Amino acid sequence: MGILDNLNDMQKKAAAKVDGPVLILAGAGSGKTRTVTYRIAHMVLEKGISPYKILAVTFTNKAAKEMKERVEAIIGEDAGKILVSTFHSFGVRLLRMYGSQLGYEPNFNIYDTDDQKKLISDIMKRIGINDKNLKPATILGNISKLKEDGIGPEEIETKFYMQNIKDVQAVYKKYNSALIKNNAMDFSDILVNTNKLLDIPEIRERIQERYHYVMVDEYQDTNNIQYKIVNKIASKYRNLCVVGDEDQSIYGFRGANIENILNFEKDYPDAYVVKLEQNYRSTENILKAANNMIKLNESSKGKNLWTEKNGGDLINMYEARHARDESNYVVDEIYKLLKKGKTYKDITILYRTNAQSRIFEETFIRTGIPYKVFGGMQFYQRKEIKDVIAYLNLINNPKDGLSLSRVINIPKRKIGAKTIEKLQIFAEENDISVFEAISKMDEVGVPSSAKLGLQHFYNTISGIIEESECLSVSEIYDRVLKDTGYIKYLEIEDDKADVRIENIEELKNSIYEMEKEEESLTLSEYLEKTSLVAATDDLDEGDNYVKLMTIHNSKGLEFPVVFIVGMEDEMFPSSRAEFDPKELEEERRLCYVAITRAEEKLYFCYATERDIYGRTSYMRQKSRFIDEIPSHLIEMKNAVIERVEKVENKMAKPAEKIENFNPLKAKVEDNNSPYSRGEKVSHKKFGLGIVRAVEDGQRIVIEFREGLKKFPLMAADKFITKL
DNA sequence: TATATCGTTGTTTTT
DNA sequence: CAACGATATA
C-alpha cells in the first residue's frame, strides 16, 4: 500500500511518473491539486528525493499556500523545504540575490500598474507628447508586450505594426532608464530579469543543480517569458512536469500563450501525457453544459469530463427586466437557498467586469446579506494606502523618485509641480537621486517658498531611514504616520477622512498579522508581499459571506452555488471580442471556467436593460453562450412579461421611455433590413450607436450615448453610416 | 501655486 | 456615473 493508492488510476499514472517530461492535462475539477500534492509526497517519501530539490510554481499565492499545506499534511515538516512559489515571487527571490549583476540593488521596489502609468505619463509630459489618442495605458500595454517578447527600445523595428511607434520607442527608452535609476522593477521586469539571470551560465547552473524537479501549475496561462524561465531551469535534468487545461486559458490579454501547453509534446517528444477526465466537483448536468460549450472551440483538444454525480439540478436561468431586478432576483434566490440549508459562504456571484459588483453590493447592503467583493478596486490601490506605501517605498529605497514625487507634497508642504520638476532635472543632470537633490536645494535653485517644506521633508525621511535598521515594519509605519502628520492631514483636507483613516488602521493590522507569521519581516519583504498579492489570496473558505468576483479571479476555486450574472451579449462575450474569432474563443473558455466552478447549482442571469455609464442601455440580448448550451439542461424561470409587471410596480425609478416605444413589442430582427441587431453605426449628430431593433421593416431603433432614437428606415442612410 | 469648475471620456479581464 | 484633464481665477 503506497501513498499513491489514494488516487484514481489516471491520477496515479500522472503522479508515479517522476522522471522526465510529463504533461498532465487536467480537466476542471479533476483533482489536479490532489494529484500534484501526492506526486510530491511520493517523490519525497517513496523515491527518496530531497525536498530541497523540488520547485513548484503556481499562479497565485493562495494556490502556493494551499499546495504547501496539503503536502505538509502528508509528509510533515519536510514540506517547508520544498519551494512552492509564484513566478513573480520566485523571480524576486532570485533577483534579490543576484540582481546586482543586472545593476539593481537588493532593496529594489516593485511598481504596480498605477505606478507604471504615472511614470509613463510623467515621461510623456517631459518629452512633450500630448497626442490625445495616445494614452499612458496604451503605451504601457505596448511596452509590456515588447518587454516580454524580449524586444528592447533599441530593437523596435518598423516591421512591428504599432501606431505612433516613434513615441512608444522614446517613452520606452526613458521609462526603462527611469526604472533603473529608481532601483525599481515593474511586473514584466521581474520576469524578464529573472530570465536574464538564467542566461548567466554560473547562475543558471546553480539553479539547475538546486532544482532537479520542476513542476508548473496552470501551464496554459504561462506567457512567453515564463515559458523561457521554466524551460531554462528544467533543460538540464528534464524533469519537468506541467499541469494545465487548454480549455481554461483565459489570460491571453496579458500575454499568456496557449501554444505553450498545446506544443508541449513538440517541445518534449518523449513527454509522458496523462489526461484527467473524471470530475469530482460538479453534477452531470453542469458538466454537460460545460462540455457542450467548449467543444465549439477550435483550440480545444477535446476531452470529455465525466462524473459519478448523475443528474443534478437543471441550470436555472432568469431574464430580468433591468439589472436592478437581476440583483433582486439573486437575493430572492439566496433566501430560498438559505431555507434549503445552504449558508452564505456556499454562494458566489461571478461576473465579467468589476463594475458589475456595484449593484449587487447596493442590493446586499439594503437587504442585509453579508458579502465580500474580491478584486476590483483593491485595498492596496486606495489613495491613502498608496500614500503610506509610497512613504515606506521611499524609506526602503531612497532612489525611488516616483514614490518620492507622490508624497513630497502630501501633507501639503508648499512644494509644487515646478519645484519637483527642477529637482528631477537637477538629479538627472548630476546623476543623483531626487532625494539626494533635495539636500542640494541651494544648488538646484528652488523657490524660497518651498525651502522650508523641502527641508522638513528631507529631515523626516532621512531621520526614519537612519533608524529603520533597528525598527520593525510596524514601528517604521508608526513613525511615518507620526512624523509626517498624515492622519491630521486627512482630517483637515479630506472629506472621506473617516473611511480613509479606517483603512489605514486596517493596513496596520495587516502588518501585525504578517509580523506574527514572520517575526523578522523586513521592510523590503513586506513591500514585496503587498505588491504581489492577488485578489483572492485572502479568501478564507470558513468566512460566512456571499463572495463576489470576476470570473478571472474565480479560476482554481469551486463553490456549491454559482450565479453567473450579466449573461448578455456585449457584456459577455465582451463587445471587444465579438469580431475576433480568437478572442471569442477566449471568452468562451472564460465561460467554461465560470460554469465549471459550480458544484451543485448553477444560475444564469441577464437583464434586458442595464445602466451603463449612468445611461440606460435597452433591449439587451441574452448571451450567445446561453444558446450554446442544450436547452434541455436549462430551466427558464420567468417569462419576461410576467416579470415586467411585477417589477414596474415596485421599481422606485421607472425605466426611461421614449414616445410610443415598447421594447417588448418591437421586432428585434428583420432579415430584409440592411441593418441587423447589435450592429455598430455612426450618426452625424449623435455619434456612435448600436442598432437595437428594426420595427416592421419601417423604422430602425438605435441606441446612442444620449438614449434611444428612432429613424425611418428609408431615410436612415442619409444620417447613418455602418462601421 | 492652489483651488474651482467645466467638459470629456471610458469599461474588459490582472500577476 | 465617475475620474481625469484642461482652463480659469484667486
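Here is how names work: the chains are called A, B, and so on, in the same order as the sequence lines, proteins then strands, and each is numbered from 1. Just so it is clear, the model here is predicted, and its values are computed rather than measured.
- Within the 4.0 Å cut-off from OP1 or OP2 of dT15(B), not a single side-chain nitrogen or oxygen of S531(A) is found.
- If you take CG of D221(A) and C1' of dT15(B), they are 11 Å apart, rounded to a whole angstrom.
- Listed by chain and number, the residues in a side-chain hydrogen bond (donor to acceptor under 3.5 Å, both in side chains) with R610(A) are E326(A), E568(A) (sequence neighbours excluded).
- Among the nucleotides dT14(B), dC1(C), dT13(B), the one closest to the side chain of R358(A) is dC1(C).
- When the side-chain nitrogen and oxygen atoms of N354(A) are compared with OP1 and OP2 of dT13(B), one or more of them lie within a distance under 4.0 Å.
- As rounded to whole Å, 15 Å separates atom P of dT15(B) from atom CD of E528(A).
- Residue E583(A) is in base contact, counting any heavy-atom pair closer than 4.0 Å across all strands shown.
- Taking D580(A) as the reference, nothing meets the side-chain hydrogen bond (donor to acceptor under 3.5 Å, both in side chains) condition, with sequence neighbours excluded.
- The CG atom of D114(A) sits 9 Å away from the P atom of dC4(C) (whole-angstrom rounding).
- Using a 4.0 Å heavy-atom criterion, one finds that S574(A) contacts the bases of the nucleic acid, with or without backbone contacts as well.
- The aromatic ring centres of Y251(A) and F253(A) sit less than 6.0 Å apart.
- Contact annotation for F87(A): no contact, since no heavy-atom pair falls under 4.0 Å across all strands.
- Going from atom CD of E586(A) over to atom P of dT13(B) covers 14 Å, rounded to whole Å.
- Nucleic acid contact class of F572(A) (heavy atoms, under 4.0 Å, all strands): none.
- Regarding Q381(A), its CD atom lies at a distance of 12 Å from the C1' atom of dT15(B), rounded to whole Å.
- Aromatic rings from Y172(A) and Y175(A) are positioned such that their centres are separated by 6.0 Å or more.
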Could you write nucleotides 2-8 of chain B as a row of B, S and -, 5' to 3', where a protein heavy atom under 4.0 Å of any base atom gives B, of only sugar-phosphate atoms gives S, and otherwise -? SS-----
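- Going from atom CG of L590(A) over to atom C1' of dT14(B) covers 12 Å, rounded to whole Å.
- Rounded to whole Å, the distance from CG on N61(A) to P on dT15(B) is 9 Å.
- Looking at heavy-atom distances under 4.0 Å, I612(A) makes contact with a base.
- Residue-nucleotide stacking is present for F253(A) and dT13(B), judged by a side-chain ring centre under 5.5 Å from the six-membered base ring centre and planes under 30° apart.
- Taking atom CG of residue L532(A) and atom C1' of nucleotide dT14(B), one finds them 12 Å apart after rounding to whole Å.
- Heavy atoms of T419(A) sit under 4.0 angstrom from primed sugar atoms or phosphate atoms, though from no base atom.
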